[in-house]
Each structure stands twice: as C-alpha cells, then as structure tokens.
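For reference, the structure is listed below as structure tokens.
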Amino acid sequence: MVSDVASFRRDFPILGRSVHGRPLTYLDNAATSQKPQAVIDAISHYYSFANANVHRGVHLLSEEATVAFEQAREVVARFLGLPESRGCVFVRGATEAINLVAESWGRAHLNSGDEILLTALEHHANIVPWQIIAEKKGAKIVVAPVTARGEVDLEAYQKLLSSKTRLVAFAHVSNALGTINPVVKMTQLAKAVGATVLIDGCQSAAHFAVDLPALGCDFYCFSGHKTFGPTGIGVLWGRPELLDQMPPYQSGGDMIRKVDFAGTTFREAPERFEAGTPDIAGVIGLAAALNYFQPRRELAHAHEQKLLQVATEKLKTIPGLRIIGEASQKVSVISFLIEGGHPHDIGTLLDADGIAIRTGHHCCMPLMKHLGISGTARASFAFYNTLEEVDRLAASLQRIQKMMV
Ligand code: PMP
C-alpha cells in the first residue's frame, strides 16, 4: 500500500512543491483535488495538436475533437456504472447541474403547494437553487434534521415525506462533515411517495465507486475538479426519458433541431442541455481524470479509510480538540474545533507549517446553525495523502493547541 501511495504521488507534480519552506501537505481535497500529469497532458495535447470546435466541422481536426468529446461521455458513463451515456450532460460543475434541474425540471413539474425535501447538511449549491424555484412556483422547502453525530435523522426524514413531496435532493456525502448518507434507503423512501430524487455526488465520486443504477435516483451530479479533473467541468446525469421531457435550461447553438422565426424545436438529451461551444478541453481533461482514477478507486478507498481512522485517533488525543461529525460511515474528511482557537487562526497557523486545510462554514451555513457553531477547521484527505502527512497534521495541531490555552 505504501509503495502504491508513493507511486500515486509521483503522478501529481504539485505534490512535490514546498510551501513556506516546508513540504506541501495538501489536506483541502474536499474543496478541490489536485490533478495528475495524465490530466495536464491530455489538456495540453488537445490544445497543442487537436484544438477545433466540436459537432460542426467537416474537417479532420473537428472530427477528432468531436470523437474525443463523445468518447469522454462514454468514459463518464462507465465511471458511473451506466449502460449508456445518453443521460450524461456536460455542465460547469455540480452547482450548474443543480441549477439546471431546479430551473428546468422545476419549471415543468413544480406547482403551488408542492414540497421539496432537503436535509440540514446540504451545501448551499443544493439549497439556494431550490429556494429560488420554490419561490417562483409557490412550492415549499422542507428540511430533514441531522443528529448530533452528523447523520441524517432517517425517522424524521421518513415522516417528512408525503404525497406533497415532489422532489427530494440530498448529498451523497457531506462536504462539511464527511458523512456518507444512506442514499439507497433515502431514495427508496422518497420513491415510495412518488417523489423525484436528485443526489449531489460532489463529494462521493472521488472517494468510492458509484453505481448509479443501484442507487435508483433520477438525477446525480458531480464536479470534475473534485475528482482529479479540471475546474469548470462537471456532469449531470438524468434519466434520459426525464431529460427529454424537460424544457431547455440555456438555449442557442447545438441544442436545436430546427430554428425558424415561427418557432424552434429542440434536440433530445444530452445535446438539449449543452447549448453553445462546450468546455472541450475540460471534457477531455475530465475523461483523463476518470480514466486515471477508476482503476485505482478500490485501493484509494481502502487507503483513505486507513488515513481517516488514524487521523481521527490521533486528533482525538489532542486536549480541547473536538471532532464535529462522527457518523458511522464517513469519507476521509475531519471537521474539528480547538477550544480557545478560531478555525481561521488554526488554518493560518497550519499553513505556516505547509499544511493546507479549509476553515469556515464550508458553504453549509444552515448546517453550522443547526450544530450551534459558526464554522470548523476541516482536513480532507485524498488517496495520495500519506500516514506521514497525518503525523505532520497531528504534530502541528498539538503545537497550535498549546498556543490556544
Ligand atoms: N455540493 C457539494 C456537496 C459540494 O461539496 C460542492 C463544492 N464544495 C458543491 C455541491 C458545489 O460544487 P461546485 O462548486 O464544483 O459546483
């Protein structure tokens, strides 16, 4: 395992740099992951040798770019365990994916008095788009509470589901706490009342295998940049038959069948939701990232669970340190507070030691309010992190804790 990690690390050039004269210890992977050389090379190769617009040209470069673009859709489908790629729509990221569903599906399906069920641990990206469409349509947002351990209260969740529930949206994994939600169960319960289900997979895709058909949801999304790919690209998957019935989100070139001033008809999914020139290099980079990660996924998950276990044990021995979020199923994310210390100060002091973490509300203000805190310090590990880095974090925090008392 150790030699596997060492070889993973060699694939990520940035991990070799130093920060403030110390080796970089990058523990902010939940915000964005680092990129392997394979991704950097794929993007560079595309711009160096194959740059052309897709879907339109008859010349060779355009054909090559189109083939690479459409092959990337197949890579995404394989990554998500899907039998076909038609439901995979390229978007800017999870934020755009959820906005797309809220605006387009919501416009067509939500009515006054309908309910949208969310959970208290959602990222703002899975709250605000629903608030906006709910206001437009006279629908109501209902929120399932989270327990003190940071798990969705399933009993309360079930009680909030009713024939009024039109849509349920929840994170696969909490970005702030690392909680892995029981999404199959949550989906089954939502489906039992006839609701449509969206799973925000932003924090799951980079940690373990996601088999979408087994989840049973209607929509799933993730961001490329958290899955070792480039920023500005992500995926919305929707059941093709559902996508085909949804009105366009953005409109323009490439998404139309026929345009006439008397009226316009639209293509089916996925093109219906890909108006204009897409982020071709981003798509190619994303495919390189998924191709890189998929064969390493099982090993990565086992290693991350080890990092989580060891880091949790070590951090718990630090006086005054409290871990926020102790769900029974977690990915390698640890949120914590140190008595007498503001999370921002902890983050700044760790940075001086070359350790990058995130501090604040993690775009989860309602969750922080629910837990009665204003924010946390969060260390989030990827498969290229090492036990030595866990030691470095623990040693640095021990020193910082002494400064706080
Ligand atoms: N959902 C979750 C759970 C997230 O962690 C994030 C990013 N922090 C998002 C949605 C939004 O992702 P993006 O900013 O890449 O669109």
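Counting from 1, the numbers follow the sequence of the chain as shown. When a ligand or atom number is given, it counts from 1 through the structure's own listing order.
Residue-ligand proximity, Thr95 to ligand 1, at heavy-atom distances under 4.0 Å covers atoms 11 (C), 12 (O), 13 (P), 14 (O), 16 (O). Residue contact check: His123 has heavy atoms under 4.0 Å from atoms 1 (N), 2 (C), 3 (C), 4 (C), 5 (O), 6 (C), 7 (C), 8 (N), 9 (C), 10 (C), 11 (C) of ligand 1. Those atoms of ligand 1 that come under 4.0 Å of a heavy atom in Ser223, given as number and element, are 12 (O), 13 (P), 15 (O), 16 (O).
Of all protein heavy atoms, the one closest to atom 8 (N) of ligand 1 is Lys226 NZ, 2.7 Å. Scanning the protein for heavy atoms near atom 5 (O) of ligand 1, the closest one is Gln203 NE2, 2.7 Å.
In this structure, Arg297 satisfies the cation-pi test against Phe79, with its NZ or CZ atom closer than 6.0 Å to the six-membered ring centre and inside 45 degrees of the ring normal. Note that Arg10 lies outside the cation-pi zone of Phe12, set by a 6.0 Å cut-off to the ring centre and a 45° limit from the axis.
In summary, the side chains of Arg392 and Thr25 do present a donor paired with an acceptor at a separation below 3.5 Å, with no hydrogens or angles considered.
Aromatic rings of Phe228 and Phe383 (six-membered ring for Trp) have centroids within the 6.0 Å cut-off, being under it. For an aromatic pair to be called close, the ring centres must be under 6.0 Å apart, and Phe381 with His207 fails this.
Taking 4.0 Å as the cut-off, Asp200 counts as a neighbour of ligand 1 on heavy-atom distance.
The part of His225 lying near ligand 1 is the side chain, judged by heavy-atom distances below 4.0 Å.
At least one donor-acceptor pair under 3.5 Å links the side chain of Tyr384 to the backbone N or O of Gln34.
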